[in-house]
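All figures in this text were calculated on a predicted structure; none of them were measured in a lab.
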2 protein chains.
Amino acid sequence: MDAIDRQLLDLLRANARLSYAELARQVGLSAPAVHERVGKLENAGVIRGYHADVDPESIDLGVTALVRIVHDTSVDIDDLVLAIRGYPEVESCYFLAGDESLLLKLRVATIAELERLVVQLGRTAGVASTRTTIALSTKWESRPRPLSLAPAKASRGGPP
Amino acid sequence: MDAIDRQLLDLLRANARLSYAELARQVGLSAPAVHERVGKLENAGVIRGYHADVDPESIDLGVTALVRIVHDTSVDIDDLVLAIRGYPEVESCYFLAGDESLLLKLRVATIAELERLVVQLGRTAGVASTRTTIALSTKWESRPRPLSLAPAKASRGGPP
DNA sequence: AGCTGACGGTCGATCGCATCCACGGAATGT
DNA sequence: ACATTCCGTGGATGCGATCGACCGTCAGCT
């Protein structure tokens with residue numbers, strides 16, 4: 001994992017559909033070399049996948065909510081997580097340090113659907129209580145933090 | 001936005017590097033037809049981009065934290081959001097209904113870095129107070145909810 | 001009804017890209 | 001010094017992206 005790998009990750013996080021030829025031009029290597037590097041990053045689990053980012057409102061998921069869950073410890077936490085995974089509306093799930101054990105981010109079409117889901121969650125085995133907050137808007141999400149600052153083609157030769 | 005569009009969105013959300021030829025095979029159209037459909041979805045803002053999903057631990061971002069921010073209303077909320085956008089560690093930012101106005105999800109390398117960032121956030125104009133929770137683990141994140149269930153090639157003819 | 005234009009698709013051709021293979025050179029261990 | 005390994009380049013080949021020409025369907029108009 002050197003500077004060129006980091007640059008490739010940056011490029012693919014910004015645009016996952018770049019061709020290997022284009023990536024090669026950007027980092028100053030040949031296409032096969034880039035192909036091999038990216039393959040290794042995939043196999044090593046550094047790159048976990050490539051996903052289209054779809055506007056939620058466009059696909060009728062205009063309501064975003066955050067639900068914090070207090071764990072009823074008579075049920076194993078892994079079983080609870082597994083049960084929650086069964087709800088497709090739950091986009092993300094974090095295991096927290098603190099009073100509430102889990103934070104869920106979920107998206108649904110309507111407030112009515114949210115109500116239905118929160119009630120169902122509250123009845124799920126292992127859930128002691130829930131605390132729900134509506135997200136009025138998403139300012140941004142999944143913003144990638146750049147790993148490398150300089151393009152590799154320039155500045156050959158170590159720091160001054 | 002018909003069933004085939006939804007199917008294309010599903011396919012690209014699962015794997016953004018599928019070729020147009022492969023997409024075409026999956027939905028039962030020709031490659032140029034798929035090319036045009038995807039282009040329209042991009043131009044309409046339904047597809048906002050394509051991003052590689054990189055394992056945070058692999059790029060030295062092993063600490064995930066959630067910070068809730070109480071807004072000091074003497075500063076405009078938009079200015080506050082803009083200031084927070086300046087911190088590259090903040091991956092996501094939601095505007096909430098409730099006591100705390102903002103929820104931030106951020107990733108850093110170490111607890112020490114987290115401390116530094118939380119202190120800085122607390123000093124930012126418009127921040128009345130912060131409440132920080134560490135995420136011990138991310139069970140899952142950005143899981144896409146499938147839009148269509150059936151492959152378009154099969155089951156021609158309405159429901160029974 | 002018949003005409004017309006917009007829309008969305010197919011087909012065929014061309015050019016670039018992905019991918020495989022053989023080869024080369026630098027860094028490393030013996 | 002030599003052998004080995006790693007990582008790269010260059011060339012060849014078949015597939016995919018993409019363009020242009022053409023076709024069927026449908027809605028609205030005369």
Sequence neighbours excluded and cut-off under 3.5 Å, please list the side-chain donor-acceptor pairs for residues 58-66 of chain B, or say none.
from, atom 1, to, atom 2, distance (Å)
Ser58(B), OG, Asp55(B), OD2, 2.7
Thr64(B), OG1, Arg107(B), NH1, 2.5

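- Val54(A) places none of its side-chain heavy atoms less than 4.5 Å from the side chain of Leu147(B).
- When side chains are defined from C-beta on, Val27(B) counts as touching Leu11(B), because their heavy atoms get closer than 4.5 Å.
- Residues Glu91(B) and Arg143(A) are not paired through a salt bridge, judged by the lack of any N-O separation under 4.0 Å between the basic side chain and the carboxylate.
- Screening residues 17-66 of chain A for ring pair (Phe, Tyr, Trp, His ring centres under 6.0 Å), with sequence neighbours left out, gives Tyr20(A)-His35(A).
- Contact footprint of chain B on DNA chain C: nucleotides with an atom under 4.0 Å from a non-hydrogen protein atom, first to last in 5' to 3' order, dG8(C) to dC11(C).
- Within 6.0 Å of CG in Asp2(A) there are more than 12 heavy atoms belonging to other residues, nucleotides or ligands.
- For Ser19(B), the side chain to side chain contact (heavy atoms under 4.5 Å, CB included) test picks out Ala21(B), Glu22(B), with sequence neighbours left out.
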(request) Heavy atoms under 4.0 Å is the rule here; annotate nucleotides 4-21 of chain D 5' to 3' with B where the base is hit, S where only the sugar-phosphate is, and - elsewhere. (result) ---SSBB-----SSBB--
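- Val75(B) belongs to no hydrophobic cluster with other residues, because no ILVMFWY side-chain heavy atom falls under 4.5 Å from its own, directly or through intermediates.
- Annotation: side chain to side chain contact (heavy atoms under 4.5 Å, CB included) contacts of Ala31(B) (sequence neighbours excluded): Ala24(B).
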What's touching nucleotides 22-27 of chain D from the protein side, N or O pairs under 3.5 Å?
none

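- Sorted by first and then second residue, the ring pair (Phe, Tyr, Trp, His ring centres under 6.0 Å) pairs with a member in residues 62-104 of chain B form an empty list; sequence neighbours excluded.
- Contacts of residues 44-51 of chain A with DNA chain C (heavy atom under 4.0 Å): none.
- Legend: residues meeting side-chain hydrogen bond (donor to acceptor under 3.5 Å, both in side chains) with Arg131(A), ordered by chain and number and at least two apart, are Glu100(A).
- Taking Ala128(A) as the reference, Val70(A), Asp72(A) meet the side chain to side chain contact (heavy atoms under 4.5 Å, CB included) condition, with sequence neighbours excluded.
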